[in-house]
Amino acid sequence: MEETTHSSVKKTLGLAPGSVVYVGKKTSSDLYIEVFDYDKTFFEEKELDHIEDAYSFIDSKPITWININGLNNTEAIEKIGGYCNLHPLILEDIANTQQRPKIDEYENYFFVVLKMLYFDQDEKLAIEHISFVLGDGFVISFQESDGDVFDSIRNRIRNNKGRIRSMGSDYLLYALMDAVVDNYFNLIEAMGDKIEELEDELFEEKPNEDITYDIQSLKREILKIRRAVFPLREVVNRLEKSEHELIAKKTQFYLRDLYDHIIQVSENVEIYRDMIWGLMDMYMTTISNKMNEVMKVLTIIATIFIPLTFLAGIYGMNFENIPELKYKYGYYIFWAVLVVVFIGLLIYFKRRKWL
């Protein structure tokens, strides 16, 4: 994340505001454009080769969803932005993967930025920058690369399921945002499983030596999730309370439900954040307890051998007039005394529950 941030600063340094520069790591060699054009009785799905082919769909009467994959194709972003009269700063934010989730309201359209979150094949958190432009009768989505969470939306449009084809473009925007937020629940569930696995590992007799690295990795992941989720409360709240003519009143009810989902996700993120912070404390406490147990055993051993060492020291002196030195059974008596002292101390420690 730090390397990406530094590289983004270098790429945009000295450029004029509104310069469209892609700063992410995910690149797509080919521009992929898909279009869904529909209403109650009509449906058309197409894959386009050129961005100019999408212009006619934007001006058509049915509701249109144009999905563009490949933010590295900045020329296409500038072309469609110019056709839709999008502000240059919006085009800059579309390509800037470091832009936090936000919403901008203009006279003829809305601009919304979100983050798609998921765990990749290596169980590492992946963050994909996605933005939407809501206009009169159309929604344009911009993604970094292929693969998203919108397959359910595509199927509902194709099969005319639910109310999506009888609603306007504002409902389409809601449905797309809702799909992103619903995927957050899957992410949070997977995060919870990771935390439980680490908790179980902490109480093992010999935990993994890399457990501190795993905890730190979880810390970084939950912070990234938090930065992606928390701004959405403001985004959806502003969208719900907007009096713009593009947002119908009946859609505001669905946006209110979406806001409740985001609050629920945010609460879960905070809970898991506290749990992860507690994992390190738990680990340090476990290490401290094990160290205390070791020190306890060593202290008991040292305590037992103090009187034995004392007795051995006395009879190890080189004085000739020690009475017991010339006694016939002195050696055996000395060993008997040592054994009695040793056993007596063990019994004493046992009764005091120190052993």
Side-chain angles (χ1 to χ4, degrees), residues 1-9 22-27 71 93 96-102 112-131 143-150 176-204 207-236 258-259 261-287:
M1 178 61 70
E2 292 180 356
E3 292 181 0
T4 305
T5 303
H6 293 161
S7 63
S8 66
V9 173
Y22 176 60
V23 298
K25 292 183 177 180
K26 298 179 181 178
T27 59
L71 297 186
D93 289 341
N96 181 15
T97 60
Q98 300 304 314
Q99 176 62 54
R100 69 191 295 271
K102 71 168 189 174
V112 179
V113 176
L114 298 179
K115 301 292 183 181
M116 280 198 298
L117 308 175
Y118 57 91
F119 286 112
D120 58 21
Q121 296 179 349
D122 298 326
E123 295 299 320
K124 300 295 183 181
L125 180 66
I127 303 176
E128 184 173 347
H129 182 72
I130 181 170
S131 50
Q143 302 185 49
E144 284 190 72
S145 58
D146 298 337
D148 53 40
V149 296
F150 301 139
L176 294 172
M177 295 177 63
D178 185 59
V180 173
V181 173
D182 283 346
N183 189 62
Y184 288 167
F185 285 99
N186 298 329
L187 184 81
I188 293 299
E189 183 178 354
M191 179 64 70
D193 293 338
K194 282 189 172 185
I195 295 174
E196 289 181 1
E197 290 177 3
L198 278 181
E199 284 183 339
D200 294 338
E201 189 175 344
L202 278 175
F203 290 103
E204 291 181 0
N208 190 347
E209 295 179 357
D210 296 332
I211 193 168
T212 54
Y213 172 80
D214 294 336
I215 294 175
Q216 291 298 330
S217 179
L218 272 185
K219 278 186 177 182
R220 289 191 294 268
E221 287 181 350
I222 201 67
L223 287 177
K224 292 177 182 178
I225 294 173
R226 191 174 186 270
R227 283 196 294 266
V229 171
F230 270 62
L232 279 183
R233 295 182 296 181
E234 178 186 356
V235 171
V236 177
L258 178 60
Y259 181 79
H261 289 173
I262 293 173
I263 293 297
Q264 185 177 351
V265 173
S266 300
E267 290 175 349
N268 288 334
V269 169
E270 283 298 289
I271 291 173
Y272 287 145
R273 177 172 173 266
D274 293 338
M275 290 177 65
I276 293 172
W277 253 249
L279 284 178
M280 184 58 74
D281 294 336
M282 189 185 303
Y283 174 72
M284 297 306 297
T285 300
T286 303
I287 294 298

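Atoms considered below: every heavy atom in the structure, side chains included; atoms not considered: hydrogens, waters and symmetry mates.
Listed by chain and residue number, Asp93, Asp104 satisfy the salt bridge (Lys or Arg N to Asp or Glu O under 4.0 Å) test with Lys102 (two or more places apart in sequence, or in another chain).
The shortest side-chain heavy-atom distance between Leu232 and Tyr259 does not fall under the 4.5 Å cut-off. When side chains are defined from C-beta on, Glu199 counts as touching Met275, because their heavy atoms get closer than 4.5 Å.
Residue pairs meeting the salt bridge (Lys or Arg N to Asp or Glu O under 4.0 Å) criterion with at least one partner in residues 272-287, sequence neighbours excluded, are Glu270-Arg273. Judged as a salt bridge (Lys or Arg N to Asp or Glu O under 4.0 Å), the pairs with a partner in residues 177-195 (not counting sequence neighbours) are, in order, Lys194-Glu221.
Exactly one residue among Ile262, Leu114, Ile130 makes a side-chain contact (heavy atoms from CB on, under 4.5 Å) with Met177. That residue is Leu114. Of the candidates Leu223, Leu125, Ile195, Ile195 is the only one forming a side-chain contact (heavy atoms from CB on, under 4.5 Å) with Leu218.
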Take Met116 and Asp148 through the test side chain to side chain contact (heavy atoms under 4.5 Å, CB included) and record every step on the way to the result. CA-CA 8 Å; Met116 280 198 298; Asp148 53 40; 3.8 Å; yes
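Here the closest non-hydrogen pair linking Ala228 and Pro101 is O-CG, 3.4 Å. Across all their heavy atoms, His261 and Val181 have their closest contact at CB-CG1, 4.0 Å. The shortest heavy-atom contact between Met191 and Ile276 is SD-CD1, 4.3 Å. For the residue pair Lys124 and Ser217, the shortest heavy atom distance occurs at NZ-OG, 4.3 Å. Ile222 and Trp277 get closest at one heavy-atom pair: CG2-CZ3, 4.0 Å. Nearest heavy-atom pair, Leu187 versus Tyr118, reported as atom, atom and distance to 0.1 Å: CD1-CA, 3.8 Å.
Put simply, the side chain of Lys224 never gets that close to the backbone of Ala126: no donor and acceptor are under 3.5 Å apart. At distances below 3.5 Å, at least one donor-acceptor pair connects side-chain atoms of Glu128 with backbone N or O atoms of Glu144.
Taking NE2 of His129 as the start and OH of Tyr22 as the end, the distance is 9.0 Å to the nearest 0.5 Å. Note that CD of Glu201 is 9.5 Å distant from OH of Tyr283, once rounded to the nearest 0.5 Å. Between Asn186 atom CG and Phe119 atom CZ the span is 11.0 Å, to the nearest 0.5 Å.
Other residues, nucleotides and ligands contribute at most 12 non-hydrogen atoms within 6.0 Å of the CD atom of Glu234.
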